[in-house]
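Single-structure report; data block below.
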Protein chains: 2
Amino acid sequence: MRQRARLEDVAARAGVSPSTASVALSGAGRVAAATRARVQAAAAELGYSPDPVAASLRSGRSGVVGAVVGERLLYAFRDPVAVQLLDGLTEELSRLDVGLLLLAGDAMRSGPSPAQLSRLPLDAAVFATCGLEDDPAFTLLQARGVPLVAVEGPVAAGVPLIAIDDERGSAELARHLQRLGHARVVVVTLPMRLDGRRGPVDAERLARGVYRDARRRLVGLRSVLPGAPAVEAAGNSVEEGEAAARLVLDVPAADRPTALVAQSDVLAAGALRAAADLGLQVPGDLSVAGFDGADLPWLAPVRLTTVVQPTAAKGRAAGHAVAELLAGRTPADVELPVELRPGTTTGPVPPG
Amino acid sequence: MRQRARLEDVAARAGVSPSTASVALSGAGRVAAATRARVQAAAAELGYSPDPVAASLRSGRSGVVGAVVGERLLYAFRDPVAVQLLDGLTEELSRLDVGLLLLAGDAMRSGPSPAQLSRLPLDAAVFATCGLEDDPAFTLLQARGVPLVAVEGPVAAGVPLIAIDDERGSAELARHLQRLGHARVVVVTLPMRLDGRRGPVDAERLARGVYRDARRRLVGLRSVLPGAPAVEAAGNSVEEGEAAARLVLDVPAADRPTALVAQSDVLAAGALRAAADLGLQVPGDLSVAGFDGADLPWLAPVRLTTVVQPTAAKGRAAGHAVAELLAGRTPADVELPVELRPGTTTGPVPPG
DNA sequence: AGTGAGTGCCGAATCGATTCGGCACCAGGC
DNA sequence: GCCTGGTGCCGAATCGATTCGGCACTCACT
C-alpha cells in the first residue's frame, strides 16, 4: 500500500484522468460541476494533498525565500534590529504565501554551509544582516542564478540594494553633538571585518572594511567632525560595546573624550554600562549616542540619543523587492530616510 | 538561449549521455577518470549547478525543515529562550545540511497561513515555541504526512515529544521558597490560552489551558504549595510580567504575598520592575523567582533565582529527533532535567 | 581461439503535478 | 442532413535529475 495518495489515485477513484482531476482541483478550467464535485469528494476521502515538490518542478517556484544572516542565530537574534528587520520581511513575504528560510552560520562557520546553499530550493534570497562585501554565500547564490536582494550590502550589479541614509544620519548626529559644544568625540564602530579584532581603526583598516554600513556611518560622522578617532568593537553586543568603550574611557580625565558615538544602540548600551562602572555621569561627564532606534525596553528610564532608522520598513522594502523579482520585474534600489532622536544621554560639553 | 544550464547541456558538451554525466558529477559510480574530468570541465564552463527541485522530486527530500513558532517573529524572538532553542536546533540540523524554515504568524494571525503550510516542501517540522494543543497548523501538517517533532507539545501519538521536567523544577523552586519560610506565594503564569487574557487563573481556566508547560509548572508548584494563587500574563514579555505582577503587588501590604514566582525569566524581569516601581525591596520585602535560566545580561548585577533548563540541549534534542525521523527510525520522547539556581532575588520571608 | 569476468557507458523509466492540443459529442441553425 | 460552435474530457509532453538493467567492448586466462 502506498503511503500518500497521489493525484492519479484521486483521479482513478473519481473515474477521470489525472489531467481532469488536476483541473478540477485547481479550479482553473472547463470542468462540469458534477465532475468537479466527484473529484473533490475523492480527494477528501483519500486525504489527498498535492506534493509541493512536484508542483515546484513544473511551476519553477518552490515558495521558499532564504534570509542570509551571517552569524549563528544565537548572536544574530540578540540584535533587536535584526529581529525587527526579519519581522518586516516576513510580513511582506507572507502575503506572497512564501516561507522564510534561515541561512545562518553555526558555531563553526560564520555563514550557511555551501552544501545547504546548493541543495536548497530557493526562489530568492535576501542578505539580511550581513552587508558583507565579497561574501562566499553571495557568490554561490549568484552563480546558482538565485535572485538576490541586499540589505545594507553587498553591492552588486543587478542586485537591488535596500539601505538607509547612514551618512546623513551620522552627520546629523555629529552636528547635534557639535551644537552641544563637543569637539573631542570618539566613535565605537561596528566590526569592520570578520576577524574579531577590537581596537583603534586606522585609515587602512577603514579602507579594508567589508561592512558597508559601518564604513558609511563613520564617513558621515567625520564629514562633520573630521578626524574623530574610532575604536572598533569585535561584535555587535552589549558586552562588546562595554569592552570597546572601556578602551576609550579608562584613561586619564584629560585624555577622555566628552562624547562617545556608538554605531549601534546595542553598543551604546554597553558604553553606558562602561561609563557607569567608571563612575562617569551621563550626560554630565560624558555624552553617549547610538544608532538604530532599537527597542531596548530595559534601558528605561534612560532614553538613548540615537538615529532612528525605519527598520521594519526596511524589512518590508526588502520583501517588496523580492515580490518584484518574483514577478519578473527589476526593482530599484531603495534608500530610506533616518531621523535624529535626541534623548537623555547627550548634553552640553562639561566645563573644564 | 536558455537561462540556466541543465544536466543535459553539460552532457552534450562533454559528449556523453545525461545519465553518465549525472554519475560523473555525483561521484557515485563506475566512470572512467577521463570521462569524469571531461564532464566536470563542461559543468564548470557552463556554470552548471543542479536544480534542487528536480533532485528533490526524485529523492523525496527537499532539505527543508520547518520550525513552527506560534507568533510573529517580533514577539517570538524577544524571548531569549526561543532564540536559544532555535540555535540548538540549527546546530543539529546544519550537520544534516538541512535548512530551517520559519513558520511564523504575522500581525494578522498567530501562526503560519494554511496556504504556506500546504505549499511548502517540508521534510519535517518542529513545533518549537508553541506547545499549543490542538493547533490548526499541527493538524494540517499531520494530514500532509509531514513527520513532526513537538517541543513542549502538542502531545500526539507518533510525534516525539521533547520536554523538560517542568513539574519537578517548579516543585524544587517551591521547596526552596518554603525553606525560606514563604507561605504566601503567588504565581505569575504564562498564557493559558491564546485569547490575550490577563488576570486570576481559576480551576476552569487551568483545565482549559492549552499550553502544556504553563499547566505543568503550576501543577508542580502546587504539589508543594497547594492552593497558591495564580495570575495569568497575557504574553511572555517584560511588559506583561510587570503588568501581571502589579495586579498582585499593588494592594495593601497585609494582602501582599511574600514571594512571587514567575513562569519565565522574562516575566520575572517584569515583576522585578513592578516591585521597584512600588518601592518594594527584593528580596527584603519580596522574593522573586523565574524559570528558564535565560540569558538576560541587562539584569546584572541582579542574579535572578530561577530553574535552569538546558534550552540549547533541548533544541539539539529536537534536531536529533528530526534526524532520526529522516533516517526512518522512530525517536523516543525526551525529558531533560532541570536545576534550581538560587540567586539574589529570593531570601527569608520578611518579619511581621 | 574461445570463454569468463569486468568495465564503461547508454536508454528508458521514475518521481508527481500541470498544461496544451485535440478528439468526441451535442445542440442549434440553415 | 450537413455544417458550425462550443463544451467536457483525455493523452501526451514537460519540468530536470537520478537510477537500474543491460549492452558492448576489453582483457586475461585456459
Whole angstrom is fine here: how far is it from [atom1] in [X] over to [atom2] in [N]?
| X | N | atom1 | atom2 | answer |
| --- | --- | --- | --- | --- |
| Tyr48(B) | dT18(D) | OH | C1' | 10 Å |
| Asp51(B) | dG16(D) | CG | C1' | 6 Å |
| Leu57(A) | dG16(D) | CG | C1' | 6 Å |
| Asp9(B) | dC15(D) | CG | C1' | 14 Å |
| Leu7(B) | dC15(D) | CG | P | 14 Å |
| Arg58(A) | dA13(D) | CZ | P | 13 Å |
| Glu8(B) | dT14(D) | CD | C1' | 12 Å |

- Message: Can you work out whether Ser26(A) or Ser19(B) has the more 5'-proximal nearest nucleotide on DNA chain C?
- Response: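 In this pair, the answer is Ser19(B).
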- Hey, does Leu74(A) have a side-chain heavy atom less than 4.5 Å from the side chain of Val83(B)?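 Result yes, sub-4.5 Å side-chain heavy-atom pair found.
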- Task: Check whether NZ of the Lys or CZ of the Arg Arg78(B) lies under 6.0 Å from the centre of the six-membered ring of Tyr75(B) and within 45 degrees of that ring's axis.
- Result: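 No.
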Which pair of non-hydrogen atoms, one from [X] and one from [Y], has the smallest distance, and what is that distance?
| X | Y | result |
| --- | --- | --- |
| Val39(A) | Val10(A) | O-CG1, 3.8 Å |
| Ala313(A) | Leu336(A) | C-CD1, 4.1 Å |
| Val31(B) | Thr20(B) | CG1-CG2, 4.5 Å |

- Task: Could you check whether the rings of Phe138(A) and Phe127(A) sit parallel, tilted or perpendicular, using 30° and 60° as the cut-offs?
- Result: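 Answer is perpendicular, since the angle exceeds 60°.
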Atom pairs under 3.5 Å: protein N/O with N/O of nucleotides 6-9 of chain C:
{"residue": "dC9(C)", "atom": "OP1", "partner": "Thr35(B)", "partner atom": "OG1", "Å": "2.4"}
{"residue": "dC9(C)", "atom": "OP2", "partner": "Ala32(B)", "partner atom": "N", "Å": "2.8"}
{"residue": "dC9(C)", "atom": "OP2", "partner": "Thr35(B)", "partner atom": "OG1", "Å": "3.3"}
{"residue": "dC9(C)", "atom": "N4", "partner": "Arg30(B)", "partner atom": "NE", "Å": "2.9"}
{"residue": "dC9(C)", "atom": "N4", "partner": "Arg30(B)", "partner atom": "NH2", "Å": "2.4"}

